[in-house]
Amino acid sequence: MLASVVIGGLAPPLAEAFRPFVVPVSVVMVVISMLRVDLAGLLGAFRRPVFLAFACGVILLVLPAATALTCFALAAPFWLATGLTYAAAAPPLSSAAAFAVLVRTDPARVTAISLPATIIAPFTVWLVTTSLPGLGSGVALLPLVTRLVAIILGALAFALLVRRLLGEDRVAGWAEGFDITTVLLVAAMGIGVMYDIGLTLRSNPLQWLGILAATALLSWISMGLAIALFWRAGREAAMAAGLCASVKNMAVMVAAVLGTVDPRISLIVITAQFPIFVSPLIMRPLFARLAPP
């Protein structure tokens, strides 16, 4: 990812050539992440319905609403408030369990939150946007939500069909190939998104650095708030909620917002991917201190 960002930043023509592929690449990444999910795991996510409902509500509704209200209270421009809210409203990564293993928390709990949250994310994005005045400016909401529904539910349906036709064992055997493909797709996406970022960096570098700082704070503050809210549910549950509140599927949001929102809003959602890649450096020591002795 870092290499692709450098390449895209140093070679604007290459970044411009890759930019049209950002949305298709994002969609393919969602499909691959869904192929890593089996139906039994999806159904198993609903074994703790109360915790699950609260976790999804906090991550998909409470934190985005708090983000928007904070921006409004600080008199932030509409595009900044909307972009940060959409970044906060993104569903957790479908592969967030891999982050859980990396930071040494329970991947089963993380999966139990991330899968249902991903499925209901189109509805919650629509609900947040329509409920909070000021977020609809510069947004074509119907195309945005339609894209989210098509990408998420379409990817899930395709993945389940492939597993049904080819068998669980065969698809599971493709895990290494999926990982290699994902790395290549992330690199291609990194080059493509640097076109939009590069334009801002060359014209107004302080603005983009400010956006980067805002998205990083959003990610890490969301993690802290989720941990605090779910602390009474147990440390493992709190850490799972905190991880899902911070490690968001920005690929699906990038695919949904490009062409449907003000370009400045898209820039924020694109930039919000960057803090995710350094989050484990913060989470691992933090979770080690929070873990039961």
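When a residue number appears, it is its place in the shown sequence, counting from 1.
- How far OG1 of Thr271 is from CE of Met250: 10.5 Å, rounded to the nearest 0.5 Å.
- Interatomic distance, Leu84 CG to Ser219 OG, rounded to the nearest 0.5 Å: 11.5 Å.
- For the pair Val252/Arg147, no side-chain contact is recorded, criterion being any heavy-atom separation below 4.5 Å from C-beta on.
- Taken from CE in Met239 to CG in Leu243, the straight-line distance is 10.0 Å, to the nearest 0.5 Å.
- Atom CG of residue Leu225 and atom OG of residue Ser246 lie 11.0 Å apart, to the nearest 0.5 angstrom.
- Within the 4.5 Å cutoff, no side-chain heavy atoms of Ile265 are placed close to those of Val257.
- Scanning both residues, Thr260 and Ala256, for their nearest heavy atoms gives OG1-O, 2.9 Å.
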Checklist entry - Should Leu185 and Ile32 be marked as a side-chain contact (heavy atoms from CB on, under 4.5 Å) after you check the CA-CA gap, both sets of side-chain angles, and the distance that decides it? => result CA-CA 10 Å; Leu185 291 175; Ile32 290 176; 3.8 Å; yes
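- Ser4 has its side chain out of reach of Val186: every pair of non-hydrogen atoms, C-beta onward, lies at least 4.5 Å apart.
- Evaluation of the salt bridge (Lys or Arg N to Asp or Glu O under 4.0 Å) test over residues 196-207, restricted to residues two or more places apart or in two chains, returns Arg19-Asp196.
- Side-chain contact between Ile268 and Trp79: present, with at least one pair of heavy atoms (C-beta onward) separated by less than 4.5 Å.
- From Cys71, atom SG reaches atom CG of Leu80 across 5.5 Å, with rounding to the nearest 0.5 Å.
- In this structure a side-chain-to-backbone donor-acceptor pair under 3.5 Å is present from Thr215 to Leu212.
- Taking Phe230 as the reference, Phe51 meet the ring pair (Phe, Tyr, Trp, His ring centres under 6.0 Å) condition, with sequence neighbours excluded.
- Note that the CD1 atom of Ile119 and the SG atom of Cys56 stand 9.5 Å from one another [nearest 0.5 Å].
- Judged by distance alone, the side chain of Lys248 and the main-chain N or O of Ala90 form a donor-acceptor pair under 3.5 Å.
- In terms of heavy-atom proximity, Ala68 sits nearest to Leu132 at CB-CD1, 3.6 Å.
- Between Leu61 and Val128 the shortest heavy-atom distance is CD2-CG2, 3.8 Å.
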Next on the checklist: As a quick check of understanding, evaluate side-chain contact (heavy atoms from CB on, under 4.5 Å) for Leu267 and Trp208, giving each step before the final call.
Outcome noted: CA-CA 9 Å; Leu267 178 64; Trp208 184 77; 4.2 Å; yes
Item to check | Candidate pair Leu141 and Leu144, rule side-chain contact (heavy atoms from CB on, under 4.5 Å), full reasoning | outcome: CA-CA 5 Å; Leu141 184 58; Leu144 171 63; 4.3 Å; yes
Next on the checklist: Determine whether Ile227 and Phe287 satisfy the following criterion, side-chain contact (heavy atoms from CB on, under 4.5 Å), listing intermediate values before the conclusion.
Outcome noted: CA-CA 10 Å; Ile227 290 173; Phe287 286 8; 3.8 Å; yes
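- Contact annotation: the side chain of Val247 approaches that of Met283 to within less than 4.5 Å [non-hydrogen atoms, C-beta and beyond].
- Counting heavy-atom neighbours within 6.0 Å of Phe54 CZ, excluding the residue itself, gives a total of 12 or less.
- Side-chain atoms of Gln207 never come within 3.5 Å of backbone atoms of Asn204 as a donor-acceptor pair (strictly under, hydrogens ignored).
- Residues that satisfy the salt bridge (charged side-chain N to carboxylate O under 4.0 Å, His left out) test with Arg264, not counting sequence neighbours, are Asp262.
- Put simply, the side chain of Ile7 reaches to within 4.5 Å of the side chain of Leu14, judged on heavy atoms.
- Within the 4.5 Å cutoff, the side chain of Val254 has no heavy atoms near those of the Val23 side chain.
- Here the shortest heavy-atom pairing between Ser266 and Val261 reads OG-CG2, 3.2 Å.
- Residue pairs that meet the salt bridge (Lys or Arg N to Asp or Glu O under 4.0 Å) test with at least one member in residues 53-65, sequence neighbours left out, do not exist here.
- Nearest heavy atoms, Ala251 versus Met189: CA-CE, 3.9 Å.
- In this structure a side-chain-to-backbone donor-acceptor pair under 3.5 Å is present from Ser203 to Leu199.
- The list of ring-ring contact (aromatic ring centres under 6.0 Å, His included) pairs with a residue in residues 100-122, not counting sequence neighbours, is empty.
- Smallest separation of non-hydrogen atoms from Leu60 and Pro91: CD2-CA, 4.0 Å.
- Residues meeting the side chain to side chain donor-acceptor pair (under 3.5 Å) test with Thr129, sequence neighbours left out: Tyr86.
- The backbone N or O of Ala121 lies less than 3.5 Å from a partner atom in the side chain of Thr124, making a donor-acceptor pair.
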